[in-house]
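Report on the following structure.
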Amino acid sequence: MPGSGSVLAPAGPQAADIAAVTWVFFAVCGAVYVLVLGAVAVALARRRSGHDETPAAEARLTRVVTGASVVTAVVLAVLTWVSFRGERRVQALPQDDALEVTVLGRQWWWEFQYPGSRPTDFVSSPNELHIPVGRKVLLTTISRDVIHSFWVPSLHGKRDLVPGMPSKTWFQADHAGVYRGLCAEFCGHQHAHMAFAVVAEPPAQFEAWLRGQRQPAAAPSDADASRGHDVFMRGTCVMCHAVRGTDAGSRIGPDLTHVASRRTLASGTLPTTREQLTRWIADPQAIKPGVRMPPQPLGDADLAAVVAYLESLR
Amino acid sequence: MTANGAGAYVVVVCAALLAAGCRREARPFEQLAVAARASEGANQSDLAAGAGPAPAAATANPLQDNAWAQSEGKRLFSAFNCTGCHANGGGAIGPALIDDDWIYGFAPDAIYTSIVQGRPNGMPAFRQRLADFQAWQLVSYVQSMSGQTPIDGSPGRSDHMQARPPEIVQPYQGRRRTGHR
């Protein structure tokens, strides 16, 4: 699985808020736990002697109990305030210039769409979300089938994707890096293989990536890739996959226009190498049982040609 | 019968019912690689050119009455834009599929042939474009549209018009036979 991430190693303002709330709760609840256990230990050690049931002792006990109750109420009120304040800071949507990305959850992969000012600027990046460092990213989350949950532990809390109910959230990465993202709501057979990478880059590098992704697919340059292109367009591949700049335009499966430029295949399941690509195309059901992609009973030569074609899509 | 005997009997019956349910819900992912050979047309004729017997054509739906196959078929039906011509079974450019009026027959192999080989006047051939099991999944769903499959295997709910009452409203009344034209 690509990237790293932990809620305790925040890399963005919201994750930092969430981590702060977590630590406050941990410290307060830890202190209360220690105090309560201490009180129990004291009570066990000081067995009832029978001599302290005087009116004065009663009054002292009443004061102690009342004091403990007041302290408890104050602690709970403070925790409520801390939680409420953290929630407000995390949920408020940015009003300023944010990068807009549409997140589509599917069984079992993610699609990140970058709308452009022109239709030809449309970019679809499966399982790899590139963002500029230090800029807010406004995410519109949509589910195409069942309930998923979008979670990048280093950047933000979870956001459920409920079918028929698009919602908006945002995050921001303060440091460049590759962060691990995953689906946090059980969504079927391959829920566990539904990871993605968030690649936070300096703005100039991000713009260069986006410009590259906006290019249509390169025409096959050698004979092998050319044969692979033909197999792709005449076979079952073209029923589900899009390669911009060719006749393949289906949006059922991941966009393959720049498939070789991505780090992983099959939603963080395999590294993008020739061997793994070959294995995956030949029988994805052996690697990710239940995945919507059917096995491809191509001959060895056709299979190698398709792999060569896909590898040329950088 | 002793109490133990009765208990064992109940257990056996329950296990049999459960096993039947498993088959209905079976998802044979590990067999899909074998079932995925690109779809070929069922033979239209028993005659074959050259020597030797004609290769056996697939005539029975291997995914008959399988709930998973029907719901996958339902998904593919819109994913592959069958809805573009048949709407959600009501028909538009292409014929309706939720009625009992079948130009080329209602049997599974006839539907398979229609999908894989195409039909004159507009139905495209999906030969080589579908894995074989996907074609059969579509057959399962198309059959369920006109009520030819047991109701307990049908996709759980539909937002579109269909030939029978919603699955939850009415129990299965027995397999419905639809007619030829």
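Here is how names work: the chains are called A, B, and so on, in the same order as the sequence lines, proteins then strands, and each is numbered from 1.
Using a 4.5 Å heavy-atom threshold, the side chains of B:Gln134 and A:Met239 count as separate.
Atom CE of A:Met233 has more than 12 heavy atoms from other residues, nucleotides or ligands within 6.0 Å.
Annotation for A:Gln285 and B:Leu32: closest pair CD-CD1, 3.8 Å, computed over non-hydrogen atoms. A pairwise comparison of heavy atoms in B:Phe133 and A:Pro295 identifies CE2-CD, 3.9 Å as the closest pair.
To the nearest 0.5 Å, atoms CG (B:Asp132) and OG1 (A:Thr236) are separated by 12.0 Å. Remark: A:Arg292 CZ to B:Arg75 CZ distance equals 4.0 Å, nearest 0.5 Å.
If you measure heavy-atom distances from A:Val291 to chain B, you find no contacts under 4.5 Å at all.
Comparing A:Gly290, A:Cys237, A:Ser250, A:Ala286 by heavy-atom pairs within less than 4.5 Å of chain B, the highest count is held by A:Gly290.
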